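Given the structure is predicted, the values throughout are model-derived calculations rather than measurements. Just the heavy atoms: all of them, side chains too, but no hydrogens, waters or symmetry mates, feed the values below.
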Amino acid sequence: LNPHVDRLCLACEMTVSVRGEVTGSRFFEGVMRSAARLTYKESAQLLREERPRGPHAHLKPALGHLEALYEAFARARQRRGAIDFDMPETKIKLDERGKVESVVAVERLVTHKLIEECMIAANVEAAKRLRKARIPSLYRVHEGPDADRIDELVLFLRSFGYKLASPKNVTPKEMNRIIEQVAGRPEAELIETVILRAMSQARYQPKNVGHFGLALGAYAHFTSPIRRYPDLLVHRAIKWANLHSSAKGYRYALDEMTQLGEHCSATERRADDAVRDVAERLKCIFLKDHVGETFDGIVSGVAPFGLFVRLPALQIDGLIHVTALPRDYYHRDAAGTQLKGEHSGTAYRLTEPVSVRLAAVDVAERKVDLVPAELAADSGVRRPG
């Protein structure tokens, strides 16, 4: 999408009310010409500046309209109760030789949210178009969590003093209420992670069952046909529907679309696993140069054999093995929220801040070994930075 260059596209034109509700839409093939190639950061800066300068200053009014649109969409999202996770992310920077230079936190700007809401709106309209045409295609479906996962979530939330209003009939709005309730608290990231794990995994299939997380009755992936095959299938279906009065003669049958959905879901999971694997390996490579240094962490997991500690600055977990704790017999409580010494009474609890020393890193196994910093106080450990 280079600026000032004609590009063929399939467009979704929407009319949106001040309440953020799409009152009408149409899909058509067209030619687009980008006015400028802006980064998320540049766009956010233009929106912040009262009198912007530079080659893109004239685009501020258009960006301002988009921001107003986002605000309307965001209000509509809040009304319907879509789950709004705000999990921290990191970006790994490499130097010219491909060596990990740093791991930095990614700031989620208003422009990230703006694009996300516009894409969601287009995806919803695409799903509606497919449903109306009754044509075999792929919906992005996300079912609610099953009863067993909800029971586990209820017990976990109870250990922190939170509870679901109706565990037998959990809604996205109820999940979002908990997330809003814990926002800014030490346990916020951990609780969001546990809620996320309680969810079913989103997948592709030709039978529409709605999207629980987004609190939507119909949802499809339409906006990335260059990098996602399901989006390309959606484009093909919409183009067919625009030209024909029925699905008769369409190139894909329902059983074939079912197989494509299963394949795309499997390859998506494989790609996500690969991304996580690469990120963890790169972070471990980065940490290899920092063995012996001290970091601030948070207890993110309690096991009979030790404590898992998250290093927020790097978004990676390490293990303090029970043998690295002060000499004692340690027992995990029934709720799995603390490890307590039998004789000393010393307890290590979930979300508790802890200072740790990086003892060892195994890149191949993606394992990070930690020890409590106070046990290494006399060993000349230096803090990073």
Checking side chain to side chain contact (heavy atoms under 4.5 Å, CB included) for the pair Val356/Val371: CA distance, chi angles, key distance, verdict? CA-CA 6 Å; Val356 295; Val371 296; over 6 Å; no
Could you walk me through whether Arg37 and Asn2 pass the side chain to side chain contact (heavy atoms under 4.5 Å, CB included) test, one step at a time? CA-CA 7 Å; Arg37 185 167 187 169; Asn2 295 318; 3.6 Å; yes
After noting the C-alpha distance and the side-chain angles of Arg349 and Val299, does the key distance pass the side chain to side chain contact (heavy atoms under 4.5 Å, CB included) rule? CA-CA 7 Å; Arg349 298 178 179 85; Val299 178; over 6 Å; no
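- Looking at Arg203 and Gln201, their side chains never bring a donor and an acceptor atom within 3.5 Å of each other.
- Heavy atoms from other residues, nucleotides or ligands lying under 6.0 Å from CZ of Arg80 number more than 12.
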Check step by step if side chain to side chain contact (heavy atoms under 4.5 Å, CB included) holds for Tyr40 and Leu114. CA-CA 10 Å; Tyr40 287 106; Leu114 184 158; over 6 Å; no
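- When the shell of 6.0 Å around NZ of Lys60 is examined, it contains more than 12 heavy atoms from other residues, nucleotides or ligands.
- His244 and Tyr250 share no side-chain donor-acceptor pair at under 3.5 Å.
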Would you check, one step at a time, whether the test side chain to side chain donor-acceptor pair (under 3.5 Å) holds for Gln78 with Arg75? CA-CA 5 Å; Gln78 188 174 30; Arg75 289 192 294 270; over 6 Å; no
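- Between Arg197 and Glu152 there is no salt bridge, since no side-chain nitrogen of the basic residue lies less than 4.0 Å from a carboxylate oxygen of the acidic one.
- Looking at Glu89 and Arg108, their side chains never come closer than 4.5 Å, going by heavy atoms from C-beta outward.
- With 3.5 Å as the limit, one finds no donor-acceptor pair spanning the side chains of Ser25 and Lys128.
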